[in-house]
Amino acid sequence: ITVFCSAATRALLADLPELFRKHFEPTGLDPQDVRFFVTPRRIAVSVSAVSVNQADQTIEAKGPPMKIARDADGNWTKAALGFAAKNGISIDDAEVREIKGAEYLFACIDRTGRPAVEVLAEVIPEFFGAIHWYKTMRWASESTPFVRPVHWLAAVLGDAVIPTEFAGVRSGNQSQGHRFLAPQPVAVTAEREVYLQTLREAYVYVDQDEIEEGDARPPAQISLMQQPFIKNSSSSVGEMVKELAAKVGENVRVVRFTR
């Protein structure tokens with residue numbers, strides 16, 4: 001996922017916590033220790049722990065008053081039947097309760113908690129689709145508007161893939177490293193430090209705090225000298241320079257690189 005500029009990433013970082021709360025709190029999965037990572041090419045949400053299943057619930061839904069629920073002949077009205085259908089019960093199972101002197105229909109629904117992976121599969125695309133951008137686009141035949149085309153979606157709970165989809169892209173456990181230094185897909189897990197370190201090893205710093213604090217200085221490997229030599233991809237530029245120096249017996253120094 002690509003973000004326009006640093007101003008956009010800062011605004012997004014400010015918006016994400018409330019957006020996350022709005023979409024994930026109602027799930028009842030009790031997410032703990034949530035962190036957001038936003039860089040120019042990716043948005044990552046890391047949650048240290050969630051409930052494996054939703055808790056079983058008994059939900060009470062208040063319906064129309066009885067003076068509307070039955071007609072003059074005592075038959076159930078469309079309002080009553082629609083209320084029952086909406087809550088997945090038979091109208092005969094509805095209860096009548098008195099509130100402040102008036103009688104109302106009530107539906108009591110026993111709802112079995114669903115596995116977290118099912119719930120998250122529904123909430124994740126809703127969450128990303130609700131992000132507000134100052135400018136969006138559509139691409140190819142995709143109807144989902146977003147700030148830039150979505151190229152990959154990694155969604156994992158522990159080591160298990162959360163089967164979901166956003167903007168025409170199916171989820172998996174594959175992320176992407178540096179486009180040139182580590183162009184192959186990288187398998188990731190939900191463990192935060194493992195995830196961050198896996199991408200560091202693929203020459204990508206995901207944590208914006210590391211970048212801002214200067215802790216994300218590219219290591220020695222992330223240099224032009226370590227890239228594959230164009231005429232022999234099995235050796236790096238640095239290795240070719242060393243081989244040439246050994247052959248000619250002179251110090252060889254690369255003055256500049258050109259495309």
Asker: Take T144 and R138, measure what side chain to side chain contact (heavy atoms under 4.5 Å, CB included) needs, and give me the verdict at the end.
Answerer: CA-CA 6 Å; T144 302; R138 292 181 174 87; over 6 Å; no
Asker: Output all residues satisfying side chain to side chain donor-acceptor pair (under 3.5 Å) with E60, sequence neighbours left out; order by chain, then residue number.
Answerer: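 So E60 forms a side chain to side chain donor-acceptor pair (under 3.5 Å) with R97.
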Asker: State which residues pass side-chain contact (heavy atoms from CB on, under 4.5 Å) with P185; sequence neighbours excluded, sorted by chain then number.
Answerer: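 So P185 forms a side-chain contact (heavy atoms from CB on, under 4.5 Å) with Q174, Q176.
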Asker: Test: side-chain hydrogen bond (donor to acceptor under 3.5 Å, both in side chains). Region: residues 75-91. Which pairs qualify, not counting sequence neighbours?
Answerer: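 Output for this query is empty, none listed.
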Asker: Hey, what do you get for CD1 (I131) to CG (L16), rounding to the nearest 0.5 Å?
Answerer: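 Rounded to the nearest 0.5 Å, the CD1-CG separation comes to 5.5 Å.
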Asker: Answer yes or no: does atom CG of D159 have more than 12 heavy-atom neighbours from other residues, nucleotides or ligands under 6.0 Å?
Answerer: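 Atom CG in D159 is not packed in, count stays at 12 or less.
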Asker: Roughly how far apart are L12 CG and I43 CD1, rounded to 0.5 Å?
Answerer: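 The distance works out to 5.0 Å.
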Asker: Drop me the distance from R70's CZ to L105's CG, to the nearest 0.5 angstrom.
Answerer: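 Answer rounded to 0.5 Å: 8.0 Å.
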Asker: Checking one residue: V52. Which other hydrophobic residues are in its cluster under the side-chain 4.5 Å linking rule?
Answerer: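 V52 clusters with nothing; isolated.
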Asker: State, yes or no, whether a side-chain contact exists between Y195 and V206 at a heavy-atom distance under 4.5 Å.
Answerer: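 With C-beta onward as the side chain, the pair touches.
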Asker: Can you sort out the partners of R114 under salt bridge (charged side-chain N to carboxylate O under 4.0 Å, His left out), two or more places apart, ordered by chain and number?
Answerer: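 Checked R114 against salt bridge (charged side-chain N to carboxylate O under 4.0 Å, His left out); matches are E118, E122.
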Asker: Taking all heavy atoms of A69 and all of P64, pick out the closest pair and write down the distance.
Answerer: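 Reported closest heavy-atom pair: CB-CG, 4.4 Å.
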Asker: As an exercise, state the distance from CD1 of I124 to CG of L153, rounded to the nearest 0.5 Å.
Answerer: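 It is 7.0 Å, given to the nearest 0.5 Å.
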Asker: How would you list, by chain and number, every residue that makes a side chain to side chain donor-acceptor pair (under 3.5 Å) with D93, sequence neighbours excluded?
Answerer: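 By the side chain to side chain donor-acceptor pair (under 3.5 Å) rule, D93 matches no residue at all.
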Asker: State plainly whether one hydrophobic cluster holds both V194 and V156, where clusters connect Ile, Leu, Val, Met, Phe, Trp and Tyr through side-chain heavy atoms under 4.5 angstrom apart.
Answerer: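 As far as the 4.5 Å side-chain criterion goes, V156 and V194 are not connected within one cluster.
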Asker: Do Q54 side-chain atoms and T27 backbone N/O form a donor-acceptor pair below 3.5 Å?
Answerer: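 Confirmed, Q54 side chain pairs with T27 backbone.
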Asker: Kindly indicate whether the side chain of F166, heavy atoms from C-beta on, has any atom under 4.5 Å from the side chain of V150.
Answerer: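 Yes, close enough: below the 4.5 Å cut-off.
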Asker: List the residues meeting side chain to side chain donor-acceptor pair (under 3.5 Å) with Q197, not counting sequence neighbours, and say none if there are none.
Answerer: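 For Q197, the residues satisfying side chain to side chain donor-acceptor pair (under 3.5 Å) (neighbours in sequence not counted) are R200, E201.
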Asker: Could you work out, with salt bridge (charged side-chain N to carboxylate O under 4.0 Å, His left out) as the rule, every residue matching E165, not counting sequence neighbours?
Answerer: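 Salt bridge (charged side-chain N to carboxylate O under 4.0 Å, His left out) check on E165 returns R170.
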Asker: Which atoms form the tightest heavy-atom contact between V204 and G177, and what is the distance?
Answerer: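 Closest heavy-atom pair between V204 and G177: CG2-C, 3.4 Å.
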Asker: For the CZ atom of R41 and the CZ atom of R148, what is their distance to the nearest 0.5 Å?
Answerer: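 Answer rounded to 0.5 Å: 11.5 Å.
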Asker: Ignoring hydrogens, what is the shortest heavy-atom contact between F83 and A61? Give both atom names and the distance.
Answerer: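 Closest heavy-atom pair between F83 and A61: CZ-O, 3.3 Å.
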Asker: Assess K62 against F106: is NZ or CZ under 6.0 Å from the centre of the six-membered ring, and within 45 degrees of the ring's axis?
Answerer: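 Not satisfied by the 6.0 Å and 45° rule.
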Asker: Locate the shortest heavy-atom distance separating T136 from P145; write the atom from each residue and the value.
Answerer: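 Scanning both residues completely, I find the closest heavy atoms to be OG1-CB, 3.9 Å.
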Asker: Less than 4.5 Å apart, any side-chain heavy atom of M66 and any of V96?
Answerer: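 Of all side-chain heavy-atom pairs linking V96 with M66, at least one is under 4.5 Å.
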Asker: Mind checking side-chain contact (heavy atoms from CB on, under 4.5 Å) for V45 and listing every partner two or more places apart, or none if nothing turns up?
Answerer: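 Here the qualifying residues are F20, V34, F36, V47, F127.
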Asker: Could you pull out all residues at least two apart from E18 that satisfy salt bridge (charged side-chain N to carboxylate O under 4.0 Å, His left out)?
Answerer: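 R21.
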Asker: Are the side chain of T198 and the backbone N or O of V188 linked by a donor-acceptor pair below 3.5 Å?
Answerer: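 No; judged by distance alone, with no hydrogens or angles, the pair does not exist.
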Asker: Given 3.5 Å as the limit, does a donor-acceptor pair link the side chain of E98 with the main chain of E103, or not?
Answerer: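 No, E98 side chain to E103 backbone: no donor-acceptor pair under 3.5 Å.
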Asker: So how far is it from I162 CD1 to L120 CG, rounded to the nearest 0.5 Å?
Answerer: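 The CG atom of L120 is 4.5 Å from CD1 of I162, to the nearest 0.5 Å.
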Asker: Do R35 and S48 have side-chain N/O donor and acceptor atoms under 3.5 Å apart?
Answerer: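 There is no such pair between these side chains.
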Asker: Please name all residues satisfying side chain to side chain donor-acceptor pair (under 3.5 Å) with D110, sequence neighbours left out, ordered by chain then number.
Answerer: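 In terms of side chain to side chain donor-acceptor pair (under 3.5 Å), with neighbours along the sequence ignored, D110 is linked to T58.
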Asker: Any chance the rings of F128 and F146 have centres within less than 6.0 Å?
Answerer: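 Distance test on ring centres: not under 6.0 Å, no.
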Asker: Does I109 share a hydrophobic cluster with Y104, counting links as ILVMFWY side-chain heavy atoms below 4.5 Å and allowing steps through other members?
Answerer: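 Looking at the clustering, Y104 is in a separate group from I109.
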Asker: For the pair C108 and I59, evaluate side chain to side chain contact (heavy atoms under 4.5 Å, CB included) and give the outcome as yes or no after the intermediate values.
Answerer: CA-CA 6 Å; C108 294; I59 300 172; over 6 Å; no
Asker: What closest approach, in Å, do L199 and R42 show between heavy atoms, and which atom pair accounts for it?
Answerer: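 Shortest heavy-atom separation between L199 and R42 comes out as CD1-NH1, 4.0 Å.
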Asker: D73 and D71: which non-hydrogen atoms are nearest, and at how many Å?
Answerer: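 Nearest heavy atoms, D73 then D71: N-OD1, 2.9 Å.
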Asker: Holding to side-chain contact (heavy atoms from CB on, under 4.5 Å), I want the full list of residues that pass it with S46, two or more places apart in sequence or in another chain.
Answerer: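 Listed in chain order: F37, R192.
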